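All residue numbers in this chain count up from 1 along the given sequence. Values in this document were obtained by computation on a predicted structure and should not be read as measured data.
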Amino acid sequence: MMIYSEQSGTRPLEIFRANSGGGTGVALTHLNDVLLSNIALMPLEELWVDGADKTRVHSFIVKPPNFSPSTKYPVLFLIHGGPEGAWGESWGYRWNAQVFASAGYVVVEPNPRGSTGYGQKFVDEINGDWGGKAFDDIMAVTDAVSALPYVDNNRMAAAGGSYGGYMIDWMLGHTARFKALVSHDGVFDLASEARETEELWFPMWEFRGMPSDSPELYSRWSPSNYTREFKTPTLVIHGEQDYRVPIGQGLQLFTALQLQKVPSKLLVFPDEGHWVLKPQNSALWYHTVLDWVGQWTK
């Protein structure tokens with residue numbers, strides 16, 4: 001007999017039992033049954049496209065409840081952190097695709113270059129190339145999603161945290177395809193981030209040393225060098241206790257947006273770090289993000 005935990009993109013974690021002889025697992029806990037009985041949760045669908053260099057790129061799509069193929073829906077792209085991470089068939093209380101889908105969005109979760117689960121070469125190709133092939137992969141997914149008959153490609157937004165926040169900052173200076181953006185605890189200035197993060201191994205690995213060792217690499221891929229191209233309305237969110245990507249990164253981004261007279265808003269959590277973990281803060285986070293995206297897409 002084996003006791004294990006099980007979850008999916010449509011079901012929070014519960015404890016299960018399985019017999020060694022095979023058969024279907026049996027749920028031992030039903031902590032969420034009553035709550036989920038009154039909620040419409042949509043399955044995670046899969047999309048594959050040719051990304052940069054014709055490399056196959058995988059994404060998940062979550063449609064709104066009561067989906068109608070004859071309706072044109074706004075789209076929200078969620079960009080994951082890491083960058084060596086991935087969206088999967090799993091449940092989460094932060095960046096939950098079901099919450100955004102229930103607000104009326106087609107939610108797209110791309111797994112671009114650097115994402116785990118698609119081979120080591122795919123992971124390693126983000127190294128020293130943060131705004132390169134990964135950005136091209138996301139744009140290829142954007143092209144494919146824009147062509148879907150139920151998508152309104154004039155009402156697309158994107159949001160991301162950590163490396164996903166970096167990608168949002170990079171997109172600010174390199175594309176005008178989105179009506180609104182949300183950057184959460186994102187890396188904005190690579191050189192200052194390297195000098196203030198508590199995880200020095202990270203920039204030294206990703207950019208082959210500190211800024212004095214690889215100045216060209218840091219300069220090339222820093223969103224802070226493309227602020228004159230910023231035009232998309234952007235919500236900036238940061239935790240004051242974030243030591244992985246310290247709050248100065250968010251403040252620099254917000255200052256740049258304000259100086260460029262780009263519609264922008266700053267939300268700071270004094271009692272949160274790199275992740276929003278407190279329930280009331282999480283509720284505020286979701287409401288603020290949805291209000292901001294809805295302001296520009298609905």
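Among the candidates Y166, W130, W170, the single residue satisfying the ring pair (Phe, Tyr, Trp, His ring centres under 6.0 Å) test with W221 is W170.
Across T142 and M156, no two heavy atoms sit closer than the pair CG2-CE, 3.7 Å. Nearest heavy atom pair, residue F122 against residue Y118, reads CB-O, 3.5 Å.
Without hydrogens or angle criteria, T197 side chain to A194 main chain gives no donor-acceptor distance under 3.5 Å. Between the side chain of S37 and the backbone N or O of V34 there is at least one donor-acceptor pair closer than 3.5 Å. When atom types are taken as modelled, the side chain of H80 and the backbone of G85 share a donor-acceptor pair closer than 3.5 angstrom. The backbone N or O of S5 lies less than 3.5 Å from no partner atom in the side chain of E14, so there is not a single donor-acceptor pair. The main-chain N or O of T232 is found under 3.5 Å from a side-chain atom of T234 such that the two form a donor-acceptor pair.
Using a 4.5 Å heavy-atom cutoff, the side chains of F16 and I3 are not in contact. Here the side chains of I79 and P110 are in contact, with some heavy-atom distance below 4.5 Å. Between V268 and E240 the shortest side-chain heavy-atom distance falls below 4.5 Å.
Defined by atom type and a distance below 3.5 Å, a donor-acceptor pair is missing between the side-chain atoms of Q260 and E229.
Separation of the Y150 and Y73 ring centroids does not fall under the 6.0 Å cut-off. Ring-centre distance between W285 and W275: not below the 6.0 Å cut-off.
Here the straight-line distance linking atom CG of N154 with atom CZ of R177 works out to 11.0 Å at 0.5 Å rounding.
In this pair, F60 and H58 present their aromatic rings perpendicular. The plane angle is above 60°, beyond the 30 to 60° band.
Remark: K121 engages E125 in a salt bridge, criterion side-chain N to carboxylate O under 4.0 Å.
By the neighbour-count criterion of 12 heavy atoms within 6.0 Å, atom CD of Q280 is sparsely surrounded, having that number or fewer from other residues, nucleotides or ligands.
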